[in-house]
J.: 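Structure below; questions to follow.
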Protein chains: 4
Amino acid sequence: MCEKPEPITTKAAKKQQSILTNAMMVFAKEGFRNTDVQIIADLAGVGKGTVYRHFGNKEQLFLATAKFCVERMSQYAQQKVMQEKTLPELIEENGVPLLLRKIMLACAEFYQKHPQTIEIMIQERAEFRESIYPTHLMFREENRSGLDGIMQIGIDRGELRPTNVMQASDAITDLLWGCLISGCLQGQKNKLVERVESAIDLLLNGLVATDRSSNTE
Amino acid sequence: MCEKPEPITTKAAKKQQSILTNAMMVFAKEGFRNTDVQIIADLAGVGKGTVYRHFGNKEQLFLATAKFCVERMSQYAQQKVMQEKTLPELIEENGVPLLLRKIMLACAEFYQKHPQTIEIMIQERAEFRESIYPTHLMFREENRSGLDGIMQIGIDRGELRPTNVMQASDAITDLLWGCLISGCLQGQKNKLVERVESAIDLLLNGLVATDRSSNTE
Amino acid sequence: MCEKPEPITTKAAKKQQSILTNAMMVFAKEGFRNTDVQIIADLAGVGKGTVYRHFGNKEQLFLATAKFCVERMSQYAQQKVMQEKTLPELIEENGVPLLLRKIMLACAEFYQKHPQTIEIMIQERAEFRESIYPTHLMFREENRSGLDGIMQIGIDRGELRPTNVMQASDAITDLLWGCLISGCLQGQKNKLVERVESAIDLLLNGLVATDRSSNTE
Amino acid sequence: MCEKPEPITTKAAKKQQSILTNAMMVFAKEGFRNTDVQIIADLAGVGKGTVYRHFGNKEQLFLATAKFCVERMSQYAQQKVMQEKTLPELIEENGVPLLLRKIMLACAEFYQKHPQTIEIMIQERAEFRESIYPTHLMFREENRSGLDGIMQIGIDRGELRPTNVMQASDAITDLLWGCLISGCLQGQKNKLVERVESAIDLLLNGLVATDRSSNTE
DNA sequence: CATGAATGAGACTTCATTCAT
DNA sequence: CATGAATGAAGTCTCATTCAT
């Protein structure tokens with residue numbers, strides 16, 4: 001039961017985790033510039049010096065926090081969508097449109113549970129502007145080929161209209177982010193999933209009436 | 001008629017304009033917290049005290065700047081789309097889908113010309129979070145009924161699929177914002193229009209292949 | 001009586017003077033690193049920000065203080081020795097050996113009155129080491145040609161032994177500094193003049209018995 | 001009796017030596033306040049705690065370093081000058097003036113080889129000011145009687161002019177220090193010996209032309 | 001009404017010292 | 001006895017805001 005898993009690594013890691021978790025909360029709540037590192041240290045139950053020992057300076061602490069957030073998101077979505085299956089299995093099971101929907105909803109779920117992550121991304125841009133490449137976009141780039149691949153398969157399978165795959169990837173991701181950010185700004189952090197859901201459905205099926213003989217009938 | 005364009009007020013107004021314009025540039029480039037009010041005063045060619053006399057404090061200066069940005073955007077889009085015509089005329093001329101497309105592109109055009117506006121919106125959230133309602137969302141709310149109305153007409157005319165109008169409005173606006181922000185973050189401020197264009201087209205027509213009957217046939 | 005001399009320049013200059021004077025005292029008493037700029041500000045009766053406004057940062061404040069010290073020394077010695085006369089007049093009046101003696105004693109007098117200056121020079125070296133050229137050595141370089149010139153004249157007049165002028169200049173200045181520093185370190189800041197006096201006399205006349213004929217006779 | 005040269009003590013002594021040697025280098029290069037004890041510990045290959053165990057605190061470590069420097073100097077000069085001979089033998093061999101010259105040059109040689117020692121002395125004053133009696137002056141005091149004695153003998157032997165012995169001792173030592181410090185500050189650490197040599201020669205023989213009888217002849 | 005010098009609260013960061021391991 | 005992670009006091013510097021001129 002009590003397997004005693006590497007005590008040394010664990011203790012140091014625990015402390016780092018604690019600092020990052022609290023940093024996430026405080027940065028999200030107060031904003032980067034408005035955050036006093038002392039507060040984070042206090043909440044994490046460590047001295048201010050310890051925070052600096054581990055992360056160097058406030059900027060690096062923030063960047064580490066941003067990375068931490070995105071990684072948690074990545075893990076969550078991976079687990080939620082994949083559930084130990086392979087991509088072909090998932091496509092076979094769901095079909096491409098439904099799979100895309102599931103992926104987006106999995107992301108939305110995470111952000112609804114941890115809306116601080118969105119605030120952190122906004123803070124990151126607000127503070128660093130062009131000087132760094134946004135953490136969550138790095139995640140997006142890393143997974144872009146996956147998304148593009150799925151879309152291509154969807155087109156090949158005749159489930160998606162034959163469109164430019166990259167533009168479609170951008171559109172679906174931009175839509176997700178638009179929903180998340182607007183949702184946050186409107187103070188509806190607890191309705192992110194449904195907002196994303198309805199938006200994705202509209203994107204998948206289109207707003208325009210498909211001709212459509214049937215309508216006039 | 002209006003023979004004396006009150007020179008005094010005008011001079012004061014000019015100064016305010018100058019301050020706001022420079023504030024916009026500096027806030028967008030440096031971020032709210034990283035901006036020294038002195039710099040804005042210098043660029044505007046006035047003393048620091050004057051800035052404070054006109055705007056009270058740094059926060060109010062920023063908020064005035066944000067409002068200034070959004071109003072400029074509003075004017076631009078209005079003019080670009082309406083061109084002295086009435087809404088019914090526009091719909092008759094373009095049809096609803098094309099009109100929606102035009103509206104979105106007009107907005108995108110403005111933001112591509114003045115990407116600082118996007119940065120300002122990000123700064124606004126980053127600094128004030130829940131404490132104020134975002135300036136650009138106020139614009140969105142004000143024009144929501146217009147957008148909703150157009151969509152309803154589209155549905156009634158059989159040009160749009162019969163969907164929840166408010167959800168569709170949200171989706172199209174979220175998509176716009178997603179494109180703008182992601183475009184900015186990716187350092188592609190000069191491709192905002194084409195990004196919005198391809199995304200809107202996808203949203204209008206949908207990703208999923210329609211009347212698949214024909215495909216399988 | 002009350003001539004009202006340029007009030008603007010004077011007021012700003014007065015404040016700078018006040019800051020420098022107090023900086024000199026505090027730096028000399030506490031050492032550069034051990035000095036809190038706040039203390040200097042308090043003593044000068046200004047805010048900390050004012051000190052930074054005028055001098056940029058602590059290092060520049062210190063360097064300005066060092067320069068201030070050396071300039072005061074320079075003025076003092078100039079006035080004390082020259083007394084409105086020209087160099088030839090002085091030489092004619094005193095002869096070279098006596099003039100050298102007077103110069104050294106004038107310097108020594110200043111340092112005895114303001115021993116902080118010596119401490120400042122020590123601090124300068126202690127803090128900046130090779131990174132800057134010592135302020136008081138710059139003064140020394142500037143006046144080197146003068147000293148060398150006097151010595152050359154002394155040799156030409158047969159009052160000084162024909163030695164290497166530059167080495168002699170170095171020796172006499174090094175002796176001065178050795179006296180000043182050692183005097184300070186031994187806590188005999190109020191005996192600097194007499195220490196210098198006796199040392200200079202020994203250097204002028206030499207330690208070795210001049211054979212010499214007369215002695216053995 | 002003491003056949004086992006206590007290996008434990010020796011090992012500890014080795015560590016102390018290593019710490020002191022490295023402390024000397026770092027203190028001389030970085031200055032007292034700018035030195036991070038961690039750096040010394042790293043260079044010495046021990047933990048920071050060990051440094052504190054051995055020396056108590058940073059100040060005591062520095063003072064120990066200063067003492068270490070002066071002792072090394074003392075040993076060097078002793079060995080270089082005395083070479084297993086007694087004082088009378090040396091005087092007989094060289095005569096007093098030449099012996100004085102040798103002593104000064106021996107000191108200068110050491111400082112030229114280890115100019116850090118000079119920096120350490122400057123640091124000592126810069127940091128501690130009146131609070132401690134300078135380490136190298138303690139050495140000077142200890143050997144003062146020796147120097148005074150030699151001078152007295154020189155006078156008695158008719159080799160030196162009959163001057164105040166203590167003043168002469170001070171002058172010659174001050175001259176040495178003036179040369180060392182000025183040489184260092186001018187960035188001529190590798191010319192200390194020649195600087196001292198020429199200065200001492202001038203002090204011994206004087207600047208003023210002697211027996212001017214011959215001149216007028 | 002405009003100005004910009006002065007202010008000082010506030011936040012980052014360093015590093016001497018301690019102490020649990 | 002050695003270590004080095006943790007601590008927090010202390011000091012630098014910035015900049016929003018004020019106010020005398």
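Basis for what follows: all heavy atoms, side chains included, without hydrogens, waters or symmetry-related copies. Proteins get letters first, then strands, A, B, ... in listed order; numbering begins at 1 in each.
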J.: Could you check how far CD of Glu127(B) sits from C1' of dC15(F), rounded to whole Å?
T.: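 Glu127(B) atom CD is separated from dC15(F) atom C1' by 14 Å.
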
J.: Could you tell me how far apart Arg33(D) (CZ) and dA10(F) (P) are, to the nearest whole angstrom?
T.: 12 Å

J.: Expressed as a whole number of angstroms, how long is the span from Asn57(B):CG to dT18(F):P?
T.: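 That distance rounds to 8 Å.
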
J.: Rounded to the nearest 0.5 Å, what separates atom CZ in Phe68(B) from atom OG1 in Thr21(B)?
T.: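 Interatomic distance, Phe68(B) CZ to Thr21(B) OG1, rounded to 0.5 Å: 4.0 Å.
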
J.: Give, for atom NZ of Lys58(D) and atom OH of Tyr52(D), the distance between the pair rounded to the nearest 0.5 Å.
T.: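 Answer rounded to 0.5 Å: 7.0 Å.
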
J.: Quick one: are the ring centres of Phe62(B) and Phe55(B) less than 6.0 Å apart?
T.: no

J.: Check if the side chain of Lys58(B) and the base of dT17(F) share a donor-acceptor pair of N or O atoms closer than 3.5 Å.
T.: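 There is none.
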
J.: Between Glu124(B) and Arg129(B), does at least one N-O distance fall below 4.0 Å, as a salt bridge requires?
T.: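 Arg129(B) and Glu124(B): not salt-bridged.
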
J.: At under 4.0 Å, does any side-chain N or O of Arg53(B) touch on OP1 or OP2 of dA2(E)?
T.: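 For dA2(E), OP1 or OP2 has a side-chain N or O of Arg53(B) closer than 4.0 Å.
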
J.: Please confirm whether the shortest side-chain N or O distance from Thr50(A) to OP1 or OP2 of dA5(F) is below 4.0 Å.
T.: no

J.: On a plain distance test, is the side chain of Lys48(B) in donor-acceptor contact with the base of dT17(F) below 3.5 Å?
T.: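 Flag set: donor-acceptor pair detected.
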
J.: Looking at dA5(E), which nucleotide sits across from it as a Watson-Crick or G-U wobble partner, both distances under 3.5 angstrom, or is there none?
T.: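 Across all strands, the one nucleotide that pairs with dA5(E) is dT18(F).
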
J.: Starting at atom OH of Tyr52(A), determine the distance to atom P of dA10(F), rounded to an integer number of angstrom.
T.: 18 Å

J.: Taking the nucleotide of DNA chain E with the nearest heavy atom to each, does Gly56(A) or Gly45(C) sit closer to the 5' end?
T.: Gly45(C)

J.: Please name the nucleotide paired to dG11(F) by Watson-Crick or G-U wobble geometry with both distances under 3.5 Å, or report none.
T.: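 Matched dG11(F) with dC12(E) under the 3.5 Å cut-off.
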
J.: Could you tell me the separation between the CD atom of Gln38(D) and the C1' atom of dT14(E), rounded to a whole number of Å?
T.: 13 Å

J.: Out of dT13(E), dT17(E), dG11(F), which nucleotide sits closest to the side chain of Asp36(C)?
T.: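 From the listed options, dG11(F) comes nearest.
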
J.: Rounded to whole Å, how long is the line connecting atom CG of Asp42(B) with atom P of dC15(F)?
T.: 13 Å

J.: Looking for any heavy atom pair under 4.0 Å, which part of the strands does Lys15(B) touch: base, sugar-phosphate only, or nothing?
T.: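 Nothing: the residue Lys15(B), judged by heavy atoms under 4.0 Å, touches no strand.
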
J.: Hey, does the side chain of His54(C) come within less than 4.0 Å of dA6(E)'s phosphate (OP1/OP2), counting only N and O?
T.: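 Checking His54(C) against dA6(E): at least one side-chain N or O falls below 4.0 Å of OP1 or OP2.
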
J.: What is the separation between atom CD1 on Ile39(B) and atom C1' on dT14(F), rounded to the nearest whole Å?
T.: 12 Å

J.: Return the value, rounded to whole Å, for the distance between atom CZ of Phe55(C) and atom P of dA5(E).
T.: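 About 15 Å, once rounded to whole Å.
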
J.: Take Val37(C) and Thr35(B), find for each the nucleotide of DNA chain F with the closest heavy atom, and name the residue whose nucleotide sits nearer the 5' end.
T.: Val37(C)

J.: Return the CD to SG distance between Gln116(B) and Cys69(B), rounded to the nearest 0.5 Å.
T.: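 Output value for this atom pair is 7.5 Å.
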
